[in-house]
Amino acid sequence: MRMSKLFVQTLREFPNDAEAISHKLLVRAGYIKKLTSGIYSYLPLMQRVLAKISQIIREEMNAAGAQELLMPFVQPAEIWQKSGRWEVYGRELARFCDRHDNKMCLAPTHEEVITSVVSGTFTSYKQLPINLYQIQTKFRDEIRPRFGLLRGREFIMKDAYSFHTSQESLDEEYENMARAYKRIFERCGLETKMVQSDSGAIGGSVSHEFMVLTSTQTGENDVFYCENCDYSANSNHAVSILLNPQTNGADYGYDKEQKLDTPNVKTIEQLSEFLKVPSSCILKSVLYIADSKPVLVMIRGDKEVEETKLLNALGALEIRPATSDEAYDYLGCEVGYLSFLGVDENKVKIICDKSAQGMKNFVIGANEPHKHIVGYNFTKTPDFVDVSLVKEGELCPCCNKPLKVTRGIEVGNIFQLGTKYSKPMNATYTDENGEEKPFIMGCYGIGVTRTAAAAIERYHDDFGIIWPKEIAPYHVDVVPVNTEDSEQMGVALEIYNKLLNAGIEVVLDDRADRAGVKFKDSELIGFPYRITVGKTIKEGLVEFKCRKTGEVEKMTADEAIEKCKTLLLS
RNA sequence: CGGGACGUAGCGCAGCUUGGUAGCGCACCUCGCUUGGGACGAGGGGGUCGCAGGUUCAAAUCCUGUCGUCCCGACCA
């Protein structure tokens with residue numbers, strides 16, 4: 001491709017509305033163009049990157065025994081009503097009516113469709129297991145799309161679904177997919193960590209996420225992991241062994257239950273300082289509204305509530321912290337002094353986090369303004385539930401070593417669905433004994449567009465993108481410094497043609513611009529290798545530069561061609 | 001959903017306070033010159049100032065409404 005013909009416009013400045021580095025670079029380097037919030041055109045450079053990622057996925061999925069198909073993007077409400085998700089999915093599901101007033105939606109995922117595809121088609125145990133996948137656009141009307149391709153509303157996803165007659169068979173395929181995913185991301189030049197996770201709206205029991213670990217804040221997930229063993233989990237699922245699991249207020253002089261005045265002492269921090277006790281001796285009370293009903297969460301003062309865990313513990317659909325006004329309405333006390341004391345459990349559900357299990361003689365809000373109670377003990381043992389967020393340094397549940405935390409971008413996930421969809425949708429096969437049974441299912445997703453963005457988050461510098469060569473839009477950028485110079489241009493053309501003939505993806509920057517412009521663009525766009533044909537051609541030499549290392553070598557044109565072949569075709 | 005900010009040329013912005021011919025930089029087109037790190041000179045094209053009302057002789061500017069975009073928060077008591 002000649003640069004003069006390539007559909008690309010690089011910008012001198014970063015766009016104003018981008019926050020994430022991948023978003024800024026994708027726009028500035030001419031890969032994407034926004035149409036509206038969370039919805040982008042993938043320009044030719046981007047399309048090449050996406051095609052490469054897709055191709056790697058395709059090859060590895062096929063090698064793992066899966067078959068590609070393509071399902072409809074527009075779906076009738078009927079199948080969603082059947083699975084029970086029409087009501088549950090919420091506003092992320094973009095719904096509309098067709099001309100006959102039939103309820104429809106845009107596909108955010110395809111469990112319902114694949115189930116109806118397989119159901120009635122593969123009806124014998126002899127035909128199972130099977131794994132089907134597609135690479136397709138999805139639409140999720142996110143509350144807050146941001147970070148460009150990292151959280152768009154419209155995005156490209158590879159989604160695979162497997163059907164089994166037994167849990168053992170599903171387990172096997174789950175492992176098979178985990179291995180395939182590892183290979184896929186490795187081939188994309190990305191290191192990933194497979195972590196335990198919550199299964200969220202998709203449902204099911206066992207699930208793992210593949211995370212690209214980043215130091216940037218753009219990773220929207222916290223991942224807790226152990227350096228000593230294999231344990232790692234998304235913060236929404238991670239568990240730990242508490243530090244100081246047993247705390248006793250008596251160690252700080254509060255061995256008798258007593259109501260104390262604590263004027264204007266509202267936060268745990270202030271209370272801890274005021275009473276001279278560590279926050280781990282305080283039981284704090286946090287009010288949530290779950291599906292419009294109040295839930296009071298009791299949790300150790302040094303811990304925080306993990307909302308996804310709470311959501312799951314309650315079996316609720318939606319959850320949010322209550323406002324101060326709501327707290328007053330439900331508990332009859334201003335925030336800062338709340339507790340479950342005197343609260344009618346028929347009106348306000350009370351949940352007690354596991355972190356409170358080992359607490360004795362603790363401090364608790366009096367549920368009266370400006371008063372707390374010290375030396376308190378549970379009068380009856382509550383049911384302790386884990387709804388707390390792990391903290392870095394707490395101990396690994398597997399091997400007791402301190403856990404670490406890092407940010408991560410979720411690029412893929414694998415779920416065991418079991419019969420969550422096959423049962424309600426009545427999707428069955430006939431087993432050896434002639435009995436009808438629901439399929440046991442698994443599903444496996446990879447965000448294609450997000451993987452590309454994650455690669456940029458991981459690999460960039462002040463000059464631009466540094467693509468792993470496996471997913472770069474082109475491999476080599478040949479730059480004649482002066483296109484007017486027939487010798488330079490001649491050699492550049494010769495290199496260009498030879499690389500083309502060798503099957504290498506190459507761009508010839510034949511634009512009449514000055515060298516600086518071409519170098520800047522080359523680095524911004526992120527070509528892995530650059531061959532500069534400039535004044536050293538007088539000595540028969542060109543320059544070979546590696547984008548990743550910045551290393552520059554002088555060599556003959558033929559040597560440069562050979563080097564490209566060695567680096568790219570082996 | 002709540003809070004804040006912003007909508008003026010493809011991109012980045014000024015102009016608005018105090019109403020009076022729509023501007024700058026980049027990009028784009030032409031010519032010249034230049035060619036190893038985002039050159040320079042001259043000329044040129046492109047905008048119903050988000051949209052709809054209102055006030056006024058006159059609105060990018062003032063008022064009202066509306067739509068859109070971005071950020072922050074979903075406050076752990």
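Note that this is a predicted model, so its numbers are computed, not measured. Proteins come first, then strands; the chains are lettered A, B, ... in the order of their sequence lines, and each starts at number 1.
- Looking only at distances, no side-chain donor or acceptor of A:Lys34 sits under 3.5 Å from a matching main-chain atom of A:Ser41.
- Within the 4.0 angstrom heavy-atom criterion, base atoms lie near A:Ser285.
- A donor-acceptor pair is defined here as one N or O able to donate and one able to accept, closer than 3.5 Å; no such pair exists between the side chain of A:Ser240 and the backbone of A:Leu242.
- Atoms NZ (A:Lys545) and P (B:G37) sit 12 Å apart, rounded to a whole Å.
- Closest-nucleotide positions on RNA chain B for A:Gly38 and A:Glu543 were compared, and the one nearer the 5' end corresponds to A:Glu543.
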Side-chain donor-acceptor distances from residues 533-540 of chain A under 3.5 Å, at least two apart:
residue	atom	partner	partner atom	Å
A:Thr536	OG1	A:Leu541	O	2.9
A:Lys538	NZ	A:Glu487	OE1	3.2

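- Between the side chain of A:His475 and the backbone N or O of A:Val507, no donor-acceptor pair lies under 3.5 Å.
- Base-pair partner of B:C62: B:G54 (Watson-Crick or G-U wobble, both distances under 3.5 Å).
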When you compare the protein's N or O atoms with those of nucleotides 4-11 of chain B, which come within less than 3.5 Å of each other, and at what distance?
none

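- Regarding A:Tyr337, its OH atom lies at a distance of 14 Å from the P atom of B:C76, rounded to whole Å.
- Between A:Lys34 and A:Thr10, the residue anchored closer to the 5' end of RNA chain B is A:Thr10, taking for each the nucleotide with the nearest heavy atom.
- Comparing B:C76, B:U35, B:G38 by their nearest atom to the side chain of A:Glu484 picks out B:U35.
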Legend entry - Test side chain to side chain donor-acceptor pair (under 3.5 Å) applied to A:His237 and A:Ser197, step by step: CA-CA 5 Å; A:His237 193 76; A:Ser197 72; over 6 Å; no

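- A:Asn264 places its CG atom 14 Å from the C1' atom of B:A77, with the value rounded to the nearest Å.
- Minimum atom distance to the side chain of A:Val286 is reached by B:C76, of the listed B:U69, B:G37, B:C76.
- Base pairing analysis places B:G43 opposite B:C29; the two distances defining the Watson-Crick or G-U wobble pair are each below 3.5 Å.
- B:C13 and B:G47 are spaced 14 Å apart, taking the C1' atom of each and rounding to whole Å.
- Taking atom C1' in both B:G45 and B:C57, one finds a spacing of 34 Å when rounded to whole Å.
- The nucleotide whose nearest atom lies closest to any side-chain atom of A:Val481 is, among B:C76, B:G36, B:U69, B:G36.
- Taking atom CZ on A:Arg153 and atom P on B:U69, their separation rounds to 7 Å, with Å as the unit.
- Across all strands, A:Glu269 comes closer than 4.0 Å to no nucleic acid atom at all (heavy-atom distances).
- For the P atoms, the distance from B:G12 to B:A59 is 29 Å, rounded to whole Å.
- Residue contacts shown for A:Tyr288 include a base, since a base heavy atom lies under 4.0 Å away.
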Legend entry - Residue pair A:Thr10, A:Asp521: steps toward the side chain to side chain donor-acceptor pair (under 3.5 Å) verdict: CA-CA 7 Å; A:Thr10 58; A:Asp521 277 348; 2.8 Å; yes

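- We find the CG-CZ distance between A:Leu283 and A:Arg300 to be 10.5 Å, quoted to the nearest 0.5 Å.
- Nucleotides B:G7 and B:A60 have their P atoms positioned 16 Å apart, rounded to a whole Å.
- Atom name C1', nucleotides B:A42 and B:C51: the rounded distance is 40 Å, in whole Å.
- One finds the OH atom of A:Tyr288 at 11.0 Å from the CG atom of A:Leu314 (value rounded to the nearest 0.5 Å).
- Less than 4.0 Å separates RNA chain B from at least one heavy atom of each of the following residues of residues 512-541 of chain A: A:Ala512, A:Asp513, A:Arg514, A:Ala515, A:Gly516, A:Val517, A:Phe519, A:Lys520, A:Asp521, A:Glu523, A:Leu524, A:Arg530, A:Thr532, A:Gly534, A:Lys535, A:Thr536.
- One atom, CG of A:Asp462, and another, C1' of B:G38, lie 15 Å apart when rounded to the nearest Å.
- Under the 4.0 Å criterion applied to side-chain N and carboxylate O atoms, A:Asp291 and A:Lys293 are not assigned as salt-bridge partners.
- For the C1' atoms, the distance linking B:C24 with B:U8 amounts to 12 Å, nearest Å.
- Put simply, CZ on A:Phe7 is 14 Å from C1' on B:C28, counting in whole angstrom units.
- In this model, the phosphate group of B:A77 is approached by a side-chain N or O of A:Lys284 to a distance below 4.0 Å at OP1 or OP2.
- Comparing B:C71, B:U35, B:A77 against the side chain of A:Asn482 picks out B:U35 as the nearest.
- The P atoms of B:G46 and B:U64 are separated by 36 Å, rounded to the nearest whole Å.
- Contact annotation: A:Arg12 side-chain N/O to B:A27 OP1/OP2 distance is under 4.0 Å.
- The side chain of A:Ser37 places an N or O atom within less than 4.0 Å of a non-bridging phosphate oxygen (OP1 or OP2) of B:C70.
- If you check every strand for non-hydrogen atoms under 4.0 Å, A:Arg28 touches a base.
- Residue A:Arg511 contributes atom CZ, which lies 16 Å from atom P of B:G36 at whole-angstrom precision.
- The closest side-chain heavy-atom distance from A:Ile32 to A:Leu149 is below 4.5 Å.
- Nearest nucleotide to the side chain of A:Leu287, out of B:U35, B:G38, B:A77: B:A77.
- Shown here, B:A5 forms a base pair with B:U69; the pair counts as Watson-Crick or G-U wobble because both key distances fall under 3.5 Å.
- Looking only at atom types and distance, the side chain of A:Glu410 has a donor-acceptor partner in the side chain of A:Asn413 under 3.5 Å away.
- Atom C1' of nucleotide B:C76 and atom CD1 of A:Ile319 are separated by 12 Å, given to the nearest angstrom.
- For B:A14, there is no paired nucleotide, since no Watson-Crick or G-U wobble pair has both relevant distances below 3.5 Å.
- A heavy-atom distance below 4.5 Å is found between the side chains of A:Glu523 and A:Arg530.
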